[in-house]
There are 2 protein chains.
Amino acid sequence: MSRIDESLLTGIPPFRKLERSQIREILDLATVRRYEEGETIFEEGLAADRFFLLLDGYIRVTRNTPAGDQIIVLHIASGQLFGIAPALGRDTYPATATAAVESISLCWPRRHWHEFAEKYEGFATETYKVVGERMQGLHDQVVELATKAVEQRLASALLRMVNQSGRKTDQGIEIAFPVTRQNISEMTGTTLHTVSRLLSAWQKQGIVASTRRHIVVTQPHQLVLLSDAIA
Amino acid sequence: MSRIDESLLTGIPPFRKLERSQIREILDLATVRRYEEGETIFEEGLAADRFFLLLDGYIRVTRNTPAGDQIIVLHIASGQLFGIAPALGRDTYPATATAAVESISLCWPRRHWHEFAEKYEGFATETYKVVGERMQGLHDQVVELATKAVEQRLASALLRMVNQSGRKTDQGIEIAFPVTRQNISEMTGTTLHTVSRLLSAWQKQGIVASTRRHIVVTQPHQLVLLSDAIA
DNA sequence: TGCGCTCTTTGAGCAAAAGCAAACTCGGGT
DNA sequence: ACCCGAGTTTGCTTTTGCTCAAAGAGCGCA
């Protein structure tokens with residue numbers, strides 16, 4: 001296995017405050033994994049025996065209902081930790097993680113979690129900060145689902161993706177990973193039909209431009225207005 | 001101020017593994033506070049300079065939207081920590097806490113958080129376990145709001161309250177704190193009208209018995225069926 | 001180059017729940 | 001004992017967005 005350069009980790013939250021040598025130690029304990037688009041990384045309910053750091057790509061974290069509905073709880077962008085059930089003392093993963101595009105991650109066996117937390121000053125603190133932010137995001141999502149109409153939720157969902165993975169193009173801001181209408185409906189708790197109708201309408205108004213599995217937001221500002229932003 | 005007995009804390013999660021003398025130290029740093037029904041304990045967006053442990057009563061944690069909707073994110077029962085923003089490195093509270101009934105809590109200044117976490121083996125771990133559970137709960141709520149119909153959500157909400165605060169009576173299981181139709185609608189993302197209609201219907205079927213601000217579930221099993229339980 | 005699969009679009013009817021409006025009731029306080 | 005206000009119930013109307021159905025389009029692959 002080729003060694004990974006330390007510079008990959010400097011600057012990303014839980015490692016930000018560490019020495020280069022410490023990062024080296026951590027890296028030497030990591031395994032690199034590559035996932036195809038659509039490949040499952042871990043599944044809801046299975047033993048949480050590893051935690052992950054996404055180096056490249058995008059991950060979708062989903063949950064399934066017995067009724068067969070799937071809903072997308074959050075997206076992970078590169079540089080973020082995921083599958084951190086071990087840090088929260090859970091012994092199974094609470095959700096399923098799937099690669100939205102070809103992705104590369106590091107992973108460590110569960111037991112290293114405590115080791116890192118004790119050995120490296122700031123490691124735990126920084127991670128829990130991430131947890132706090134994610135929790136805040138979940139709160140927002142609950143409020144949104146409980147109070148907003150579908151149109152506003154859809155606008156928010158697009159904005160969230162744009163904020164996390166937006167790539168500037170000459171047309172506007174492009175969402176960097178493939179998304180289907182179905183996917184979006186699973187983020188917003190609606191149907192792919194409704195999503196398709198709304199996107200069509202927005203396309204006519206020049207707010208977005210979408211093709212198959214691909215969305216460019218041309219007028220983010222309009223979406224903000226439509227979303228009736230919470231915060 | 002009268003000293004609090006150590007036995008109040010033995011057995012509740014973050015203190016479970018501590019010596020009696022350690023609990024004494026922690027208690028001596030705490031302030032006791034009493035809240036009237038309806039009194040606000042802390043507010044969304046304000047500096048998170050304390051964290052709390054509820055000794056007696058029930059707390060409602062809510063968020064407000066700019067549009068003026070309020071939604072109830074979770075209930076805290078006695079023995080639970082709340083307002084733990086400090087543990088997640090957040091410097092403002094992400095939500096508002098209000099006493100649902102007359103309540104008593106302990107609270108500590110923010111800075112003690114790290115002190116406790118370092119000094120007492122297991123304190124942090126146990127707390128993060130609670131965070132993990134709460135996160136799981138939020139996931140559940142998102143899935144529920146996104147996929148279930150109002151009737152199922154209402155059934156789930158009642159069951160959640162019953163599980164957390166159910167008191168057995170000869171009639172059935174009673175929710176231990178006052179709840180209005182309005183409150184329930186704020187937990188389920190619906191209107192008080194819809195809640196009222198459904199409760200009336202269930203009352204006719206003998207599943208629940210409710211009076212003003214007060215609900216007794218007579219046939220929990222029926223509610224489970226209606227809720228199409230996730231887990 | 002054409003086939004087939006997956007994804008997308010659009011229409012029409014319908015059901016669930018929101019909005020609106022008004023009456024009723026319980027309980028606490030004067 | 002009565003009044004007042006918060007909380008609840010209920011009917012009617014309107015709307016939103018889901019369901020069902022079917023056709024159309026892009027893309028990879030042979």
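This one's a predicted model, so the numbers in the text were calculated from it and none came from an experiment.
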**Identified side-chain contact (heavy atoms from CB on, under 4.5 Å) counterpart of Gln70(A) within the set Thr98(A), Thr62(A), Thr65(A)** = Thr62(A)
**Inter-end axis angle, the helix from dT1(C)-dA30(D) to dT30(C)-dA1(D), with every axis fitted to five base pairs (rounded, 10 degrees)** = 40°
Output a table of nitrogen or oxygen pairs between the protein and nucleotides 16-19 of chain C separated by less than 3.5 Å.
residue: dA17(C); atom: OP1; partner: Val150(B); partner atom: N; Å: 2.9
residue: dA18(C); atom: OP1; partner: Thr190(B); partner atom: OG1; Å: 2.9
residue: dA18(C); atom: OP2; partner: Thr190(B); partner atom: OG1; Å: 2.8
residue: dA18(C); atom: OP2; partner: Thr191(B); partner atom: OG1; Å: 3.2
residue: dA18(C); atom: OP2; partner: Thr194(B); partner atom: OG1; Å: 2.4
residue: dG19(C); atom: O6; partner: Arg197(B); partner atom: NH2; Å: 3.2

**Asked** Using 4.0 Å as the upper bound for N to carboxylate O, is an ion pair formed by Arg63(B) and Asp140(A)?
**Response** yes
**Item:** Partner residues of Asp49(A) under the side chain to side chain contact (heavy atoms under 4.5 Å, CB included) criterion, sequence neighbours left out
**Value:** Tyr93(A)
**Asked** Base, sugar-phosphate, or nothing: which does Leu199(B) touch, judged by heavy atoms less than 4.0 Å apart?
**Response** nothing
**Prompt:** Which ones in residues 174-185 of chain A lie close to DNA chain C, meaning a heavy atom under 4.0 Å from one of its atoms?
**Reply:** Thr180(A), Arg181(A)
**For Val131(B), all residues meeting side chain to side chain contact (heavy atoms under 4.5 Å, CB included), sequence neighbours excluded** = Leu88(A), Val131(A), Met135(A), Ile84(B), Leu88(B), Tyr128(B)
**Segment of DNA chain D, first to last nucleotide, that comes within the 4.0 Å heavy-atom reach of chain A** = dG17(D) to dC27(D)
**Request:** Sequence neighbours left out, what pairs pass side chain to side chain donor-acceptor pair (under 3.5 Å) with at least one residue falling in residues 203-216 of chain B?
**Result:** Glu37(B)-Arg213(B), Glu174(B)-His214(B), Arg181(B)-Ser210(B), Gln203(B)-Ser210(B)
**Strand contacts (DNA chain C) in residues 207-217 of chain A, 4.0 angstrom heavy-atom criterion** = Arg212(A), Arg213(A)
**Message:** Classify Ser196(A) by what it touches in the nucleic acid, base, sugar-phosphate, or nothing, heavy-atom distance under 4.0 Å.
**Reply:** base
**Fill in**
side chain to side chain contact (heavy atoms under 4.5 Å, CB included) filter on Gln164(A), not counting sequence neighbours, yields His75(A), Ala77(A), Gln80(A)
**Complete:** In this structure, CG of Leu226(A) is separated from CD1 of Ile207(A) (nearest 0.5 Å) by 5.0 Å
**Item:** The single option from Trp108(B), Phe42(B), Tyr35(B) passing ring-ring contact (aromatic ring centres under 6.0 Å, His included) against Phe52(B)
**Value:** Phe42(B)
**Prompt:** Are side-chain heavy atoms of Ser105(A) and Leu54(A) found at a separation under 4.5 Å?
**Reply:** yes
**Request:** Would you please name every residue forming a side-chain hydrogen bond (donor to acceptor under 3.5 Å, both in side chains) with Arg160(A), sequence neighbours left out?
**Result:** Glu144(A)
**Qualifying residues under side-chain hydrogen bond (donor to acceptor under 3.5 Å, both in side chains), relative to Asp5(B), sequence neighbours excluded** = Ser7(B)
**Item:** Partners passing side chain to side chain contact (heavy atoms under 4.5 Å, CB included) against Ala149(A) (at least two apart in sequence or in another chain)
**Value:** Gln152(A)
**Request:** Have a look at Ser185(B) and tell me which of Asp69(B), Thr190(B), Val150(B), Thr180(B) forms a side-chain contact (heavy atoms from CB on, under 4.5 Å) with it.
**Result:** Thr190(B)
